[in-house]
Structures are given as structure tokens and as C-alpha cells.
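Chain letters run A, B, ... following the sequence lines, proteins first, then strands; residues in each count from 1.
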There are 2 protein chains.
Amino acid sequence: MKRTTLKDLANALDLTESTVSRALNGYADISSRTVERVQSAAVELGYKPNQNARRLATGVAEAVAYVIPQNHSSLAEPFVSQLLQGIDDSVSRRGWDLLVSHSRSAEDEAEKIHRLITSGRVGGVVLSRPFRNDARIKLLQKANFPFVVHGRSRISNSYAWYDIDNKLAIKTAINHLVGLGHRRIAFIGAPLYYNFSYQRLEGYKKALADNDIPWDESIVEITEMNDDSGESAAANQLDSEQPPTAFMCVSDTQAIGVLAAIRARGLTAGQDVSVIGYDGLKIGRHTNPPLTTMSQPQAQSGRELADMLLAIIDGDDPTKHQILKRAELVLRKTDGPARANNYH
Amino acid sequence: MKRTTLKDLANALDLTESTVSRALNGYADISSRTVERVQSAAVELGYKPNQNARRLATGVAEAVAYVIPQNHSSLAEPFVSQLLQGIDDSVSRRGWDLLVSHSRSAEDEAEKIHRLITSGRVGGVVLSRPFRNDARIKLLQKANFPFVVHGRSRISNSYAWYDIDNKLAIKTAINHLVGLGHRRIAFIGAPLYYNFSYQRLEGYKKALADNDIPWDESIVEITEMNDDSGESAAANQLDSEQPPTAFMCVSDTQAIGVLAAIRARGLTAGQDVSVIGYDGLKIGRHTNPPLTTMSQPQAQSGRELADMLLAIIDGDDPTKHQILKRAELVLRKTDGPARANNYH
DNA sequence: ACATTCGCCGAAAGCGCTTTCGTAAAATAA
DNA sequence: TTATTTTACGAAAGCGCTTTCGGCGAATGT
């Protein structure tokens with residue numbers, strides 16, 4: 001089954017390829033009668049332009065890539081997949097395609113990006129989980145290739161980004177906890193080369209200071225962003241001499257692990273010890289108990305990111321597109337007053 | 001920053017484009033000395049072939065697409081995202097790209113597939129959640145385009161697929177329940193145009209028959225595959241005259257909703273009423289209580305699917321690739337003996 | 001009546017790469 | 001030494017589409 005090409009169409013209509021092409025692409029110098037003939041013949045013969053040829057000729061890719069950092073991340077994370085959904089929404093509305101790129105090593109990463117931007121396969125990329133100092137961003141900038149980043153690196157004035165005010169979010173959560181009487185609040189963080197992770201830790205520090213709570217390194221844990229890591233970090237803390245009365249986690253998946261550790265010790269979250277997650281995953285409504293969390297709508301983020309990227313590809317100034325949103329505290333069941341007496 | 005092209009390379013080396021091209025692609029008629037020169041010059045000048053041009057010339061796409069049906073499905077589902085992860089694993093190992101295509105309406109769906117296969121953008125597609133009677137499969141077959149499907153449609157002898165024995169899986173679960181003394185087992189199903197859904201219902205029927213349990217339509221619910229639907233379906237059942245003592249769900253997400261409904265009534269799953277999910281999602285370990293479920297490893301499925309597809313693109317006979325796996329019952333906490341007296 | 005603009009389409013080059021074919025020069029055979 | 005095979009590369013066509021340019025006939029102007 002051979003595909004019908006431009007030439008086939010032209011022959012069938014007794015026109016030239018160039019005329020048919022222009023008719024299809026809405027050029028003004030084609031009579032409306034011809035345009036109609038061409039269009040109906042096109043659907044009749046099932047003509048679909050060969051994208052490779054088209055892109056070779058025009059230079060526009062009609063596709064964007066989502067690239068996710070190599071380690072500690074997986075396409076299977078709810079965070080990621082929801083974002084993906086949002087990106088796809090926007091991109092496909094324009095008829096473009098979505099490519100996902102997930103590399104497993106750092107060199108692989110740079111290599112993949114380089115390949116992406118030089119191969120002509122995509123017209124732009126959205127970056128996720130930037131590092132504080134992100135080589136990928138530099139690479140993209142140097143190549144002058146359209147991109148947006150979900151989050152920010154340390155220096156963020158020169159490109160497009162969409163971020164949540166991480167510091168504020170954590171401060172909000174901590175203040176809530178303090179309001180509930182907590183003074184000993186553990187922090188379950190993520191690797192600090194992720195800027196969002198760094199910022200959240202900053203927020204934690206700031207919130208402590210604001211509330212005259214001394215910094216205590218022994219109750220901050222830096223872990224991978226999954227449930228198992230959250231669980232063992234919490235286990236650490238709960239089994240210590242002076243366990244915290246609350247946990248602030250930088251992700252819901254970690255918080256879910258924390259919850260497991262709490263249950264495993266016969267305690268109940270929200271009563272014996274509080275925990276606040278981060279992400280607002282839907283699944284949090286069904287954990288045991290339902291998870292209080294800082295919520296940021298990922299799918300919406302994805303859509304906005306894609307829209308920004310598309311605009312930039314169309315020529316917009318990237319620095320015009322810098323959006324800072326705030327996370328929202330959604331109260332469920334894992335926050336509660338600090339126990340007057342500790343559970344020990 | 002202009003990208004370096006084949007011609008640039010050729011000029012720099014004082015060779016022809018054709019020679020350089022063949023040197024890079026491992027043709028035998030190039031002296032090893034020249035090959036070396038070309039290769040080092042290539043990395044030095046950062047040469048990356050323009051994929052569009054390359055694909056135009058060769059006709060091979062070096063990319064595959066994952067397409068997911070329009071309704072009742074989202075990229076954000078754990079099921080989907082884990083599969084995606086697996087596909088990406090295999091595909092990227094070969095240096096190919098992964099495209100995701102998620103359409104929102106049925107016409108859109110056919111249109112997208114047609115576009116996919118004629119546009120030359122991808123060399124093959126993996127289909128998910130086939131319908132009993134799946135127009136996409138027919139389209140792909142008619143076009144003689146490489147594809148594999150995750151699951152099967154009603155007639156499945158003529159193409160490549162990777163499936164779990166749905167019927168067996170449900171029978172296994174039901175038998176387990178019956179062994180626990182349950183006789184009144186509700187079935188929380190999915191829309192029956194999905195073949196997997198149909199098969200699972202068949203399994204349910206068969207298991208009932210095997211155990212001399214009469215079929216009772218009033219305790220089978222067909223719902224969307226999300227937690228909310230599961231919850232309201234379970235609510236229905238629990239509030240009925242003669243509530244079931246157990247729930248068999250065709251997905252973990254539904255099961256999670258069922259658990260919520262159970263909790264909401266002051267009952268506890270695994271004691272007052274049993275529930276078995278399907279998928280083996282990791283999150284099931286953290287539900288309240290942890291969810292007993294039929295597990296199928298999605299990431300692994302993704303890898304195998306991709307490998308099959310790649311082989312088929314390379315010329316393998318699709319019908320050689322038909323893999324049937326079995327799901328595994330993973331016992332957690334939501335299955336338990338049927339209560340002698342009902343909880344009413 | 002002529003010149004002039006406009007509408008509409010064909011011709012042709014080019015996007016960057018692959019691949020077949022032909023052919024010098026070098027190596028082997030005679 | 002001459003004839004034959006190899007070796008190593010260049011020439012050229014082609015993949016399917018876009019886009020600029022040029023020019024014909026028809027419509028307008030004066």
C-alpha cells in the first residue's frame with residue numbers, strides 16, 4: 001500500500017506539485033476553485049504530507065520534546081505523568097507531537113539534548129527538575145534553541161520558566177504546623193543539586209527562623225524521591241532519641257513512605273505525629289490517613305509550559321515568559337496538634 | 001549557531017558528501033584511514049545528521065509511537081506511565097525516540113493513527129487497551145504498518161500482541177476469595193468494549209460457575225477506571241439490601257475507590273469485606289489497608305512490547321510475536337475470610 | 001485603442017542525506 | 001610487461017516537499 005504523494009495528487013489533478021502544495025498551504029495566489037479541487041482530491045486519495053520531507057524543506061519540526069533528568073526520576077512518577085498529560089494537551093491541540101526523552105546517565109543526558117536540538121526532530125524542549133547549576137540549560141541557551149523549564153536553576157533571568165514559589169510553599173506549611181504547636185519538625189528533602197529541593201530547604205530554614213525555632217541538622221534528611229526512601233528516613237527519625245512531632249516532606253511519594261513508617265510503629269499520623277506532603281497527588285486522598293499536602297496542579301503546569309514553549313518557538317522573547325505560581329495547602333488528615341507529651 | 005552539515009564536513013576534509021556519508025555509515029568501500037579521519041572530524045565539528053533528511057532518504061523513522069485510546073484513559077495513569085517507562089527503556093537503548101499520542105475523541109483517534117503511519121514520523125506503533133473490535137488495528141493491518149498491541153482484540157491471530165491471561169487472573173482471584181468463604185462477590189468492571197475488560201468479566205463468570213455460585217447481575221458494576229467511579233460503585237453495593245462480602249476490581253485505581261467507600265462506612269477491608277484489585281500498582285502497598293491485587297509488571301511489559309515492535313520493524317513476522325503471561329496474586333491486607341454473619 | 005496591473009499557475013532550485021553506479025589508481029595475476 | 005581484479009572515491013540521482021521567481025492570459029485603466 002503505497003502512500004499517495006504530492007506528485008500523485010498533482011498528476012491526478014493535472015496540476016504541478018508546486019501548485020498543489022501552495023493550494024494546500026493556503027497561499028493567496030491560487031484560485032478558490034483550484035483550492036477546492038485540490039482539497040477534495042486530497043481527502044479522497046488520503047493524502048498525508050510526508051513530515052520528514054516537509055520538515056526538511058521548512059525547517060520546522062512540529063514536535064517538542066519533554067526531557068526528564070536521568071537519575072532519581074522516572075516517567076512513571078505521578079508527578080511526571082501528570083505533567084506529561086498537560087503538555088500533550090497543549091501540544092496536540094496545535095497538531096504537534098510530543099516526544100519523551102529519558103536518559104539514564106548524565107553524559108547520556110547532554111548527548112541526548114545535543115542530538116535533539118541538532119537532529120531537527122523537535123522544535124523545542126521542556127526541561128523538568130532543573131539542577132541548581134544546569135548544564136542542559138546552558139547548552140540550550142548556547143545553541144539558541146527554544147526551551148522552557150519547569151522550575152528554575154539558580155540563575156534564571158535569561159530564559160523561560162514556570163515555577164512554584166517553593167520557599168513560600170514550605171513556609172506556609174511549616175507555619176501551619178507551628179500554629180498547631182509543633183516545634184520539632186523534621187524535613188524530608190531531596191538531593192540538593194535540584195534547585196527546587198534547595199529552595200524548599202531554604203524555605204524550611206526561613207520558616208524556622210521566623211518562628212524562633214533553632215536549626216537542628218539531625219532532623220533533616222535528604223533522600224531520594226520515592227516512598228521507600230521516605231519510609232526509611234522517617235524510621236530513622238521516629239526511632240531516634242528525640243523524635244520529631246511533625247514531618248515536612250518535599251514530595252507526596254516520600255510522605256507516603258513516612259506514613260508507612262508511622263503506621264508500622266503503631267502510631268497514627270495526624271494525632272501522634274503530623275506530616276505534610278508536597279505535590280497534591282490525587283492518590284493522597286486515599287492514603288492512610290489521607291495526606292495533608294501542598295498542592296500544585298501538574299497537568300495545568302504542563303499545559304502552560306507547552307503554551308509558553310510554542311509561543312517562544314513562534315518568536316516570543318523567552319524572558320517574557322516567567323511565571324511564578326503558589327502552591328496551596330490542602331488539609332486532609334495527617335496534620336494535627338502537637339501532642340503535649342510526646343508519644344515516647 | 002549554524003549546525004554543521006554533511007557538506008561542511010566534506011569540505012573540511014576535502015572529500016565528497018557521498019564519501020563522508022558512507023564512511024560514517026560503515027560502508028566497506030572506504031579506506032580505514034579515511035574512516036578515521038571522517039569520524040574524528042565529525043566529533044570535532046559536532047556533526048549530527050539531520051534526522052529529517054536522513055529519514056527522507058532512507059525511509060526509516062527511528063522512532064515509535066505509543067498510542068493510548070481516547071476516553072477513560074490518561075497518560076497520568078500509573079498503569080500507563082509505567083508502561084511508557086518500559087517502552088522508553090527499550091527504544092532508547094537502540095537510540096530511537098518515543099512519541100506519545102493521546103487523542104480525545106474517536107475520530108481524532110483514527111485520524112491520528114492515519115497521520116502517524118503516513119507521515120513517516122514513526123516506524124511503528126504500540127497500541128494500548130485495544131477494543132474488542134478495534135478499528136485502529138484494522139487500519140494498521142490494512143496499511144501493513146508495523147505495530148504491536150498491549151492486550152488483544154477479539155480476533156488476535158494475525159498480529160503481534162503481549163497480553164496477560166485476563167480470564168485466568170480473575171479466576172485465580174475469585175477462587176482465592178471463594179477459598180476464604182466468600183460467595184457473594186461483586187465485580188467492579190470497566191467498559192466492555194475494552195477486550196481486557198470483557199475477558200475479565202468472562203473470567204468472573206467462569207469462576208462463579210466453577211464454584212457453583214449463581215450469576216447475579218445486580219452485583220456487577222461497569223464503571224470508569226478511576227477511584228471515584230470505584231468508590232461510588234462500591235457505595236451502591238454496600239448500601240444495598242444484600243451487600244457483597246467481597247469485591248473483585250479490574251483495576252487498582254478502582255479498588256482504591258472501593259476501599260474509600262468501605263472506610264467511609266466504618267467497615268474495614270480485609271475483615272468486614274474483602275477486595276482484590278488488579279494491576280499490582282506500587283501505591284497499593286500504602287493504601288488503607290494495603291491492597292491485595294493481581295499483579296502484572298507494566299514496565300517489563302513495556303520493554304517486551306518495544307522489543308517485539310523493533311523486531312517486527314526489522315522484518316520479523318508479527319504472528320511470531322504473541323506472548324501470553326500470567327498475573328500473580330499478591331496478598332496484602334484486603335482479603336480475609338468471609339464474615340459468618342454479614343455486617344448488617 | 002493601447003498600456004498596465006492583477007490573478008493564477010508552472011519551472012526550478014533547494015532542504016541534507018543516502019545509495020547506486022562508474023571509474024581512476026593501485027594491487028594482483030598472467 | 002600487459003591484462004585483470006581490487007580498492008577507494010566522485011558523480012549524480014533521488015527521497016517528498018516548500019518557496020521564490022517568472023510569465024501567460026485576462027481584467028482594468030486611460
Protein-nucleotide distance ([X], atom [atom1]; [N], atom [atom2]), rounded to Å:
X       : N      : atom1 : atom2 : answer
B/Tyr47 : C/dG16 : OH    : P     : 10 Å
A/Asn52 : C/dC17 : CG    : C1'   : 12 Å
B/Lys7  : C/dT18 : NZ    : P     : 15 Å
B/Glu36 : D/dA8  : CD    : C1'   : 16 Å
A/Leu6  : D/dG14 : CG    : P     : 17 Å
B/Arg33 : C/dA26 : CZ    : P     : 14 Å
A/Asp8  : D/dC17 : CG    : C1'   : 13 Å
B/Glu17 : D/dG14 : CD    : C1'   : 13 Å

Does [N] have OP1 or OP2 sitting under 4.0 Å from an N or O in the side chain of [X]?
X       : N      : answer
B/Thr19 : D/dC9  : no
B/Tyr27 : D/dT7  : no
A/Ser31 : C/dG7  : no
A/Asn50 : D/dC15 : no
A/Thr34 : C/dC9  : yes
A/Arg54 : D/dG16 : no

Exercise: do B/Ser156 and B/Ser153 side chains pair donor with acceptor under 3.5 Å: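 Judged by distance alone, the side chains do not pair up.
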No-hydrogen, no-angle side-chain donor-acceptor test under 3.5 Å, B/His321 and B/Asp316: yes
Base, sugar-phosphate alone, or nothing: which one does [X] contact when heavy atoms must sit under 4.0 Å apart?
X       : result
A/Asp29 : base
A/Ser21 : base
B/Ile30 : sugar-phosphate
B/Thr58 : sugar-phosphate
A/Asn25 : sugar-phosphate

Cation-pi check, A/Arg136 onto A/Phe131 ring (under 6.0 Å, within 45° of axis): yes
Face-on cation placement of B/Arg132 at B/Phe196 ring, 6.0 Å and 45° thresholds: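 Not flagged: B/Arg132 not positioned over aromatic ring of B/Phe196.
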Minimum heavy-atom distance B/Leu98-B/Leu84, with the two atoms named: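 Closest heavy-atom pair between B/Leu98 and B/Leu84: CD2-O, 4.0 Å.
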Criterion salt bridge (charged side-chain N to carboxylate O under 4.0 Å, His left out) against A/Glu62, the qualifying member of A/Arg121, A/Arg94, A/Arg55, A/Arg54: A/Arg54
Among D/dT19, C/dT18, D/dG16, the nucleotide that comes nearest once only the side chain of B/Ala57 is considered: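 Minimum distance to the B/Ala57 side chain belongs to C/dT18.
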Closest to the B/Leu15 side chain, choosing from D/dA11, C/dC17, D/dC9: D/dC9
Which residue lies more 5' along DNA chain D, comparing B/Leu56 with B/Ala28 via nearest heavy atoms: B/Ala28
Donor-acceptor pair (no angle test) under 3.5 Å: A/Arg22 side chain, C/dG10 base: yes
Upstream residue (5' side of DNA chain C) when B/Leu24 and A/Val35 are each assigned their closest nucleotide: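 Nearest nucleotide further toward 5': that of A/Val35.
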